[in-house]
Amino acid sequence: METPKTYEPQKAEEKWYSHWMEKGYFHSEPDEREAYTVVIPPPNVTGVLHMGHMLNNTIQDVLVRRARMQGKNACWVPGTDHASIATEAKVVQKLRAEGIKKSDLTRDEFLAHAFEWKDKHGGIILEQLKKLGASCDWDRTSFTMDPEYSESVIDVFIDLYKKGRIYRGVRMVNWDPEALTALSDEEVLHKEVNSKLFHVRYKIADSEDQWLTIATTRPETILGDSAICVNPNDVRYANLKGKEAIVPICNRKIPIIFDDYVDMEFGTGCLKVTPAHDTNDYDLGKKFNLETIDILNDNGTLNENGLHYEGQDRFDARKTIEKELDEKGYLIKTEDHINKVGYSERTNAVIEPRLSLQWFVDMKELSAPARDSVMNGDIKFHPEKFKNTYRHWMDNIKDWCISRQLWWGHQIPAWFYGEGNENFVVAKTEEEAIAMACEQAGQSFVKGDLRQDEDVLDTWFSSWVWPISVFNGLTDPENEEIKYYYPTNDLVTAPEIMFFWVARMIIAGHEYLGEIPFKNVYYTGIVRDKLGRKMSKSLGNSPDPIELINKYGADGVRVGVLISSPAGNDLPFDSSQCEQGRNFTNKIWNAHRLVHSWEVQEDLPQPESSKMAIKWFRAKFNQELQSINNSFDKFKISEALMSTYKLVWDDFCSWYLEMIKPGYQHPIDKATLDATILFFEDLLRILQPFTPFVAEELWHSFRDRADGEDIVVAQWPVFNIGKGGAPSETLAQFSAAEEIITNIRNIRKKNNIANKVKVELFVKKNKELDTSFDAVIVKMGNLSQLEYTTEEVENSNSFISDGNEYFVPFGDAIDVEAEKEKMTEELEYTKGFLTSVQRKLQNEKFVGSAPEQVVAIERKKEADALSKIAILEDKIASLN
RNA sequence: GGGGGAUUAGCUCAGUUGGUUUAGAGCACCUGCCUUACAAGCAGGGGGUCACUGGUUCGAAGCCAGUAUUCCCCACCA
């Protein structure tokens, strides 16, 4: 059967992925080998694969597959995150579409719907990862709400509470009026928006007609004002000391206070203070003991303090109150103003600073070891620049608001008793809670008397123990797995979640295992489209990864996303990169087609050119292997890929295979074919992490493999120069030959000499030269002969290489003028070059202070240039 | 407002502690080829004052200072 001309990925991908699964190659159990562990950044359970996942998981897979080949016990733990806000929002939306309101359901009913949703949509993303070739240990798939995982999250809460690290307090929090929950600072995105600055005048109490004017962006909060504040140094307002102002519309009297928090330059220099609706105002309120008047309901509508605006949405109220202020003569003017407004990362609702009772983690002391372990290099960041960002955050760390007013998640294990929410105990179960409450309150409670806190924990409060809890390191701390797999090796994630997740995992690692959770953190960039825009669903500029895989093959897409994405840099993605990847897999495929087309003839002697080609490629392969290993060690994955790409395409296909290729329908000798297959197999090994499917497919094409002899578990090549002399010498000799061949090809092209027409080459030896690759030059240059002479050859195209002159005679008269021009150009260049070299050498300070070796190099450059100039001048003269 | 990066070919990036030709790669581009592995290919080629201005040095893409442009992070400016 004829081998197809192009590689067809679909069949190979299905065949080999299921084969790998059947053989259990991705499954890991602790053993005597060195462990190599990666935990996946768990995607949202209801998520679908996007290009960001694609990049992130391809990198992880490359690392894991290479480690597996290096003989390590590779374990890549997959799983999903319950993603409380995002998932709950989706479930609420789905129910709403069915006409069910969340408020009509009990908590248990809602959770039943949520789990149903999770069972239906959860894990789609994991199936998609298999299409990519991800070599995860699927038997270990975890979910942050698995029973044992949940238990560990609750244990951590209880433990931190007992240690006094968790407290409950009234704070200004970021309130999401759409999701009806508090958010952590990290979940709020600040955007610049065009808004208006309203200048509103307040009458001074007990005055005839004395007014002061404040500037505000939120006139609706006037109803919650409890003071006017001015800077004590502001002479304009010095006369207001001890006075009061009257709030428009509600006509309340409020004090005028003085604090240097107020910027005299901004607006009118008068600040209205609304402690319930602004963080700074809240602080001022505490300082001056002001009344706190909350005018908003939790859904962003005004409450009874909003008087006749009660029930209106805050943004509607802003417009209507503007009208009323204007009609009543309070509004002096409005001006355009740009300010920053916080938006919910999840719902995109405008965040409302709101006072509420929440749970917090005291981060100061907890985070100290985590700061140090990154700064001292125990944990390495790639690229290193992110250390700065990390340090800055850790130095200014604030307490972490961990309660969320949601149902989907881990319910806070606090149990209230008695009236109100003042008295509570923290316990794992209701039984324990009852016992504790009885003791604490000195009265007896029975089942049902206690009310568990309604709130759930922030999602990140569960994911910060991910590297521990996937191995049950908290619920069963002495188990064999946690001891074997932890600390994990490499974490691959996005810089956006450095604080949400990376920093907190490090904190939890120190707190609970006394150890770092991973040794390296590789930060990927953002995937952008051609125009530099972030890929997003709303812009519709993100290609569907699965469609890309169908079109270009998984290997092609893997190469496409890796080819230009150094750590920490954004990836400007275009599907043409996948095309490049696909072309690459096709190139490999066709190389295999060529090798398989050759018939062996046992008694055929090995040509000299093949012998030299093998010697060269062995040296080349080892040189590149070193450089690839080096790139991997530095986490320069795209560099490792590029070296591999060039080694395969340029060195192996374009040079090596052409050098050993027998004539059409001619047989090949056995020694050459055997060596070639070994080379091919070595190339497949280094390709395996990048293009696992085509590598496996071809791995089996060269010989019958015993059960278990698959490339996924083959050995990574070891640096081994073998026989054949010093590699650097061979490489240098080859590049000299390469230069000569390129020159010959150039002459062919300029003179329109067809490739199949043989030409002669004469060499005028001006100095010693190595002839070991002459057979290769003859073959690659398609020469009828290569001869050494002492004379110039008339009527030739000529070139100079390493001080020796080369002539390719050409029957018809050559274009003398063109030759002359070419040589004159070269002469000018060489002279310029010589001048720059001589300038250095004539400088006594250079000769005196530069290292000897550097000076010697310059001297050689000078000598070479001089001899070349002599030759060129000679040639030009002879042409005249 | 504070902090951290970045700036090298049309695009994306390398360039190890300053010294191997007058700076490299991939893609793109130009020219010529359907040469029986591959046109998803082959061969050849063009293209850069290393953002700018000074400084240090025998020597600077690299070190220092300033300027410009740009990205990111943090922060409560109404």
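All values below were derived from every heavy atom in this structure, side-chain atoms included, with hydrogens, water molecules and symmetry-related copies excluded. Numbered from 1 within each chain, the chains take letters A, B, ... in sequence-line order. Predicted model, so just to flag it, every value in this text is computed and none were measured.
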The Watson-Crick or G-U wobble partner of B:A61, with both key distances under 3.5 Å, is none
Does the B:A37 base have a donor-acceptor partner in the side chain of A:Glu658 within less than 3.5 Å? yes
Task: Distance below 4.0 Å between A:Thr217 side-chain N/O and B:A78 OP1 or OP2 - done: no
- prompt: Looking only at atom P, what distance separates B:A6 and B:U22, rounded to whole Å?
  reply: 27 Å
Rounded to whole Å, CG of A:Asn174 lies from P of B:A75 at a distance of 10 Å
Rounded to whole Å, the CZ-P distance (A:Arg748 to B:U35) equals 15 Å
Against the side chain of A:Lys845, the closest entry in B:C73, B:C58, B:G26 is B:C58
(message) Suppose you measure atom C1' in B:C11 against the same atom in B:A28; what distance do you get, rounded to whole Å?
(response) 7 Å
A:Asn782 CG to B:C42 C1', in whole Å, measures 15 Å
- Query: Within less than 4.0 Å of OP1 or OP2 of B:U31, is there a side-chain N or O belonging to A:Lys750?
  - Reply: no
| message | Does B:A75 have OP1 or OP2 under 4.0 Å away from a side-chain N or O of A:Asn396? | response | no
Out of B:G44, B:U21, B:A78, minimum distance to the side chain of A:Thr216 belongs to B:A78
Pairing partner of B:C29, by Watson-Crick or G-U wobble and under 3.5 Å for both distances, is B:G45
Rounded to whole Å, CG of A:Asn583 lies from P of B:G41 at a distance of 4 Å
To the nearest angstrom, the CZ-P distance between A:Arg218 and B:C76 comes to 16 Å
Which of B:A78, B:A37, B:G15 is nearest the side chain of A:Arg593? It is B:A37
Separation of B:G19 atom P from A:Lys860 atom NZ, nearest Å, is 20 Å
To the nearest angstrom, the NZ-P distance between A:Lys634 and B:U16 comes to 9 Å
Tell me what A:Pro851 touches on the nucleic acid: a base, only sugar-phosphate, or nothing, going by heavy atoms under 4.0 Å. base
Picking from B:G3, B:U12, B:C58, the nucleotide nearest the side-chain atoms of A:His392 would be B:G3
Are the side chains of A:Thr334 and A:Leu197 in contact, using a 4.5 Å heavy-atom criterion? no
query: So does A:Thr585 get a side-chain nitrogen or oxygen closer than 4.0 Å to the phosphate oxygens (OP1/OP2) of B:A40?
result: no
Which of B:A78, B:A37, B:C58 is nearest the side chain of A:Ser849? It is B:C58
Check: Expressed in whole Å, how much space separates the C1' atoms belonging to B:U8 and B:A14?
Finding: 10 Å
query: Quick one: does A:Asn280 reach the base of B:C76 with a side-chain donor-acceptor pair under 3.5 Å?
result: yes
Scanning all shown strands, the Watson-Crick or wobble mate of B:U17 with both distances under 3.5 Å is none
Centre-to-centre under 6.0 Å for A:Phe652 and A:Phe680, is that the case here?
yes
B:U67 -> Watson-Crick or G-U wobble partner, both distances under 3.5 Å, gives B:A51
Any A:Lys756 side-chain N or O less than 4.0 Å from OP1/OP2 of B:C33: no
Testing B:C38, B:U21, B:A78 for proximity to the side chain of A:Lys861, the answer is B:U21
Next on the checklist: Taking 4.0 Å as the cut-off, does a side-chain nitrogen or oxygen of A:Trp649 come that near to OP1 or OP2 on B:C42?
Outcome noted: yes
**Request:** Can you check whether any acceptor in the base of B:A43 is under 3.5 Å from a donor in the side chain of A:Arg745, or vice versa?
**Result:** no
Testing B:G41, B:A78, B:U21 for proximity to the side chain of A:Tyr261, the answer is B:A78
Taking for A:Lys749 and for A:Leu657 the nucleotide of RNA chain B with the nearest heavy atom, the one nearer the 5' end belongs to A:Lys749
Separation of B:C13 atom P from A:Gln577 atom CD, nearest Å, is 10 Å
>> Could you check, using the six-membered ring where one of them is a Trp, whether A:His596 and A:Phe702 have ring centers closer than 6.0 angstrom?
In response: yes
Compute the centroid of each ring, for A:Phe381 and then for A:Tyr390, and state whether the two points are separated by less than 6.0 Å.
yes
### P atoms of B:G62 and B:G18, separation to the nearest Å
11 Å
RNA chain B nearest-nucleotide lookup for A:Asn590 and A:Val847: closer to the 5′ end is A:Asn590
Checking B:C13, B:G26, B:G4 against the side chain of A:Asp650 (C-beta onward), the nearest is B:G26
Within 45 degrees of the axis of the six-membered ring of A:Trp400 and under 6.0 Å from its centre: does A:Arg504 put its NZ or CZ there? yes
Against the side chain of A:His337, the closest entry in B:C73, B:G44, B:A78 is B:A78
B:C38, OP1 or OP2 - any side-chain N/O from A:Tyr7 closer than 4.0 Å? no
Which of B:G5, B:A39, B:G32 is nearest the side chain of A:Lys5? It is B:A39
